Number of protein chains: 2
Amino acid sequence: MSSQRTYRLGDLQLKIMRVLWQIAPASVAEVQEKLDGEPLAYTTVATMLRKMEDRHLVRHCEQQRKFIYEAAVSDADVTQSMADDLVDRLFEGNMAAAVSHLLQTHEVSPDELARLEQLIRQRRNRA
Amino acid sequence: MSSQRTYRLGDLQLKIMRVLWQIAPASVAEVQEKLDGEPLAYTTVATMLRKMEDRHLVRHCEQQRKFIYEAAVSDADVTQSMADDLVDRLFEGNMAAAVSHLLQTHEVSPDELARLEQLIRQRRNRA
DNA sequence: TCGACTTGACTACCGAGGTAATACTACCGC
DNA sequence: GCGGTAGTATTACCTCGGTAGTCAAGTCGA
């Protein structure tokens, strides 16, 4: 059951969550190291983690003087919530409109199209 | 041709843009009036419009001492840019993953499914 | 033991979104 | 001409994301 909460994460926050989802409990240094793109100051990552803990996105425990952080919300919940949020904001909740917009404005490989078609067919049969 | 710019609008900004896209040139009072949800102070709307003009999202001209605002960016550009942005952020640019996520986590009516299937088939034939 | 290094705590600062009060100004009707 | 009204300009404040410096405390190696 996905919680009803709405998540709206910034770029850095999302990147951090992704690290935590992938490598699970991690110290600040580990998170910092695993972040791709421009390297950030240690304190930047630490500060962000603290702010994220305030908002219950992550939690930490102490081990040998180190803070070990882990995600407090699931990938699925966050992804869904953020996707929902955008569909609401941009397409007034109309999912089909959103999907068709994506399909119309983007290149999708034949393979992917085939997969999507299959997906939709499954859905239709289930109904 | 859609401009390359990336738009990330807040809630209010999007609402305002929607009003301007719908009713075209409009005074502050008209925008304020057309905004749904909790009524906002006149000055709130005016301030927001000025900030948005700074960022070239809207422009205004003066008519009888009134500011008449209109959108300076198109619905299509903003929608696409925001959708792209999210696909990038959440699905690392993988469009198909995004679409399939949406399909899997939402109710879509049979009619809509049919429309989507048709859309995909068109795309596949075109390729 | 002492200094370098690690790590967390605290603080600061910027920009943007959002909200609005206050102050000024011009016009309109009496 | 005068006061209300409509409208803009100015200013302020709060939150959040993001970035990071400084400081203090603990740790570990020479």
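This is a predicted model, so every value here is computed, not measured. Below, chains carry the letters A, B, ... as their sequence lines are ordered, and counting in each starts from 1.
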Sorted by chain and residue number, the ring pair (Phe, Tyr, Trp, His ring centres under 6.0 Å) partners of A/H101 (sequence neighbours excluded) come out as A/F91
With sequence neighbours left out, the residues meeting side-chain contact (heavy atoms from CB on, under 4.5 Å) with A/E30 are A/A26, A/S27
Those residues at least two apart in sequence (or on a different chain) that pass side-chain contact (heavy atoms from CB on, under 4.5 Å) with B/A72 are B/R59
Salt bridge (charged side-chain N to carboxylate O under 4.0 Å, His left out) pairs touching residues 7-27 of chain A, sequence neighbours excluded, are A/R8-A/D85, A/R8-B/D11, A/D11-B/R8, A/D11-B/R89, A/R18-B/E92
side-chain contact (heavy atoms from CB on, under 4.5 Å) filter on B/Q118, not counting sequence neighbours, yields B/Q122
For nucleotides 16-25 of chain C, 5' to 3', base contacts (B), sugar-phosphate-only contacts (S) and non-contacts (-) with protein non-hydrogen atoms under 4.0 Å give -BBBBBB---
Numerically ordered, the residues 56-73 of chain B set in heavy-atom contact under 4.0 Å with DNA chain C is B/R65
Residue set satisfying side-chain contact (heavy atoms from CB on, under 4.5 Å) with A/Q63, at least two apart, ordered chain then number -> A/C61, A/I68
Contact span of DNA chain D against chain B, any nucleotide atom under 4.0 Å from a heavy atom, 5' to 3', runs D/dG7 to D/dT10
Contacts satisfying side-chain hydrogen bond (donor to acceptor under 3.5 Å, both in side chains) that involve residues 31-52 of chain A (not counting sequence neighbours) are none
Residue set satisfying salt bridge (Lys or Arg N to Asp or Glu O under 4.0 Å) with A/R115, at least two apart, ordered chain then number -> none
| message | Taking the basic N atoms (NZ, or NE/NH1/NH2) and the acidic carboxylate oxygens, is any pair closer than 4.0 Å for A/E117 and A/R121? | response | yes
Sequence neighbours excluded, the answer for side-chain hydrogen bond (donor to acceptor under 3.5 Å, both in side chains) partners of A/E53 is A/H60
